Engineer: 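The structure is given below, and queries will be raised subsequently.
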Amino acid sequence: MTTALRRRSVLAAALGALASPALAQPRAAWPDRPVRFLQGFAPGGTTDILARLVAPYMAAQLGQPVVVENRPGAGGTLAAEALARATDGHTLMMLNNGFAVSAALYRRLPYDPRADIEPVAMLASTGLVLLVGADGPRDLPDLIRQARARPEAINVATVGVGSTQHFVAEAVQAAGGFRLTHVPYRGTPAAVLALRNGEVSVVAETASAVLGQIRSGEVRAIAITSPTRSLLLPEVPTVTEALGAPFDIETWFAIGAPARMPPGATERLTEVARGLFGNAELGGRLADLGLSPREPGTPAEARALVHGEIARWAEVIDRMRMERQ
């Protein structure tokens with residue numbers, strides 16, 4: 001072998017030795033660091049409760065800590081913006097109806113709800129209740145009679161403009177033909193406290209967030225928005241029963257991720273969601289909170305559901321002739 005050939009052989013072998021480890025090195029499994037789990041509402045609400053409930057179960061499956069981070073404000077859009085802009089590949093968000101409502105309500109958002117954020121898997125759902133104080137209206141028909149007698153003189157509190165609670169309150173008013181004055185508060189505890197103090201007369205909230213206050217007698221639930229009565233609140237009639245017309249709105253919860261995630265991350269999250277759905281212990285804890293586990297589905301199915309909800313709420317806004325912000 002000539003000197004030149006020997007040199008080329010040695011060079012090729014050296015290059016091969018340098019390249020082969022990189023070629024043979026498997027891609028790091030996702031996740032390889034702690035995961036941030038954003039939620040866009042104040043502590044104490046259903047979204048916060050659910051996020052903190054499922055986080056340890058997610059962490060056990062992922063092998064990394066899952067840290068819940070509250071980013072309240074603007075109907076959840078602050079958290080959604082943080083999710084859309086996240087580039088670390090380890091940021092997720094608990095999506096809920098508020099995400100779809102905001103996408104339908106706001107003309108200009110600092111992110112594209114359809115293109116920048118990927119719904120990955122469904123987790124749970126629950127109905128919403130209308131709450132009154134101990135001396136408030138006896139039932140929804142009684143509230144409607146009082147509101148019609150004094151249009152917009154009765155206040156209804158929610159966790160914020162553009163929140164699911166806000167739009168559900170609007171939908172009930174539209175269905176019942178009455179008007180209340182909306183008063184936004186920063187979180188469920190503040191809204192319920194305002195009700196107890198007589199600052200507002202009605203609160204619209206997810207059933208799971210106020211079960212404790214209802215059971216203690218601090219407040220009374222006069223109607224629930226789900227199509228059937230809650231097993232945990234069997235004495236509370238549905239809006240359908242009260243109005244004598246179909247009414248079906250439940251708030252849902254799903255895992256959301258930035259549109260650009262590391263390879264394999266979405267598939268891994270789908271597996272995790274299926275594990276959560278099949279966990280009997282978690283299912284029991286959800287039921288205790290008035291939440292119903294949802295079949296996770298595929299990412300394509302979750303995307304179709306969430307995008308369909310955006311279209312649904314856009315139709316509601318048009319029907320109510322509400323001004324988009």
Side-chain angles (χ1 to χ4, degrees), residues 35 37-41 45-62 66 68 76 79-80 83 92-103 113-114 117-129 163-165 167-168 205-211 224-233 238 247-257 265-313:
V35 174
F37 198 18
L38 304 177
Q39 73 91 2
F41 299 91
T46 302
T47 308
D48 180 65
I49 293 169
L50 180 58
R52 295 182 187 282
L53 175 61
V54 302
Y57 292 89
M58 292 175 64
Q61 291 193 60
L62 292 173
V66 176
V68 177
L83 179 72
L92 306 174
M93 181 176 169
M94 179 70 81
L95 301 181
N96 64 10
N97 288 59
F99 173 78
V101 167
S102 295
R114 291 179 174 86
I117 293 175
E118 188 71 17
V120 176
M122 307 307 296
L123 288 178
S125 60
T126 184
L128 292 94
V129 291
S163 64
T164 299
Q165 291 86 335
F167 271 74
V168 168
E205 187 49 91
T206 52
S208 52
V210 289
L211 275 175
I224 190 165
T225 65
S226 50
T228 59
R229 294 196 182 198
S230 167
L231 294 177
L232 295 178
L233 297 169
T238 65
F247 190 94
D248 177 8
I249 297 179
E250 291 188 296
T251 191
W252 46 262
F253 303 89
I255 297 174
T266 299
E267 292 80 1
R268 186 76 184 93
L269 285 170
T270 301
E271 293 174 6
V272 168
R274 290 190 184 122
L276 297 178
F277 181 73
N279 188 301
E281 179 187 38
L282 178 59
R285 296 183 69 182
L286 291 176
D288 289 341
L289 292 170
L291 292 163
S292 300
R294 288 282 292 265
E295 175 68 48
T298 65
E301 290 169 337
R303 185 186 315 115
L305 187 150
V306 173
H307 290 183
E309 284 283 286
I310 294 173
R312 173 191 184 182
W313 286 112

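Every value quoted in this text rests on a predicted model; they were computed, and no experiment measured them.
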Engineer: Mind checking the CD-CG spacing from E281 to L286? Nearest 0.5 Å is all I need.
Structural biologist: 10.5 Å
Engineer: Do T126 side-chain atoms and T206 backbone N/O form a donor-acceptor pair below 3.5 Å?
Structural biologist: no
Engineer: Kindly compute the distance separating CH2 (W313) from CZ (F99), expressed to the nearest 0.5 Å.
Structural biologist: 15.0 Å
Engineer: Take V54 and F253 through the test side chain to side chain contact (heavy atoms under 4.5 Å, CB included) and record every step on the way to the result.
Structural biologist: CA-CA 11 Å; V54 302; F253 303 89; over 6 Å; no
Engineer: Locate the shortest heavy-atom distance separating P113 from H307; write the atom from each residue and the value.
Structural biologist: O-NE2, 4.4 Å
Engineer: In sequence, state the C-alpha distance, the side-chain angles, and the governing distance for L92 and M58, and then conclude on side chain to side chain contact (heavy atoms under 4.5 Å, CB included).
Structural biologist: CA-CA 12 Å; L92 306 174; M58 292 175 64; 4.1 Å; yes
Engineer: Starting at CG of L123, measure out to CH2 of W252 and round the result to the nearest 0.5 Å.
Structural biologist: 10.5 Å
Engineer: How many angstroms lie between atom CD of E271 and atom CG of L62, to the nearest 0.5 angstrom?
Structural biologist: 10.0 Å
Engineer: Write down the atom of D248, the atom of P227, and the distance for their closest heavy-atom approach.
Structural biologist: OD1-CD, 3.1 Å
Engineer: Do we see a donor-acceptor contact under 3.5 Å between the side chains of T46 and S208?
Structural biologist: yes
Engineer: Can you give me the closest heavy-atom contact between V120 and T270, atom names plus distance?
Structural biologist: CG1-OG1, 3.9 Å
Engineer: Would a distance-only check, ignoring hydrogens and angles, find a side-chain to backbone donor-acceptor pair under 3.5 Å from Q61 to V272?
Structural biologist: yes
Engineer: When rounded to the nearest 0.5 angstrom, what distance separates CD1 in I255 from CE in M122?
Structural biologist: 10.0 Å
Engineer: Are T225 and F247 packed together at the side-chain level, in the sense that at least one heavy-atom pair is separated by less than 4.5 angstrom?
Structural biologist: yes
Engineer: Considering non-hydrogen atoms only, spot the tightest contact between F37 and M93 and give its length.
Structural biologist: CE1-C, 3.4 Å
Engineer: Measure across L289 and L53 and return the closest heavy-atom pair with its distance rounded to 0.1 Å.
Structural biologist: CD1-CD2, 3.8 Å
Engineer: Restricting to non-hydrogen atoms, name the atom on E205 and the atom on Q165 that form the minimum distance, rounded to 0.1 Å.
Structural biologist: OE2-NE2, 2.7 Å
Engineer: Taking N97 for its side chain and E250 for its backbone only, find out whether a donor-acceptor pair lies under 3.5 Å.
Structural biologist: yes
Engineer: What I want to check is whether the side chains of N96 and T251 have a donor and an acceptor closer together than 3.5 Å.
Structural biologist: no
Engineer: To the nearest 0.5 Å, tell me how far T238 OG1 sits from L233 CG.
Structural biologist: 12.5 Å
Engineer: Are R312 and E309 within salt-bridge range, i.e. N to O under 4.0 Å?
Structural biologist: yes
Engineer: Starting from the C-alpha separation in whole Å, work towards a yes-or-no answer on side chain to side chain contact (heavy atoms under 4.5 Å, CB included) for F277 and L282.
Structural biologist: CA-CA 8 Å; F277 181 73; L282 178 59; over 6 Å; no
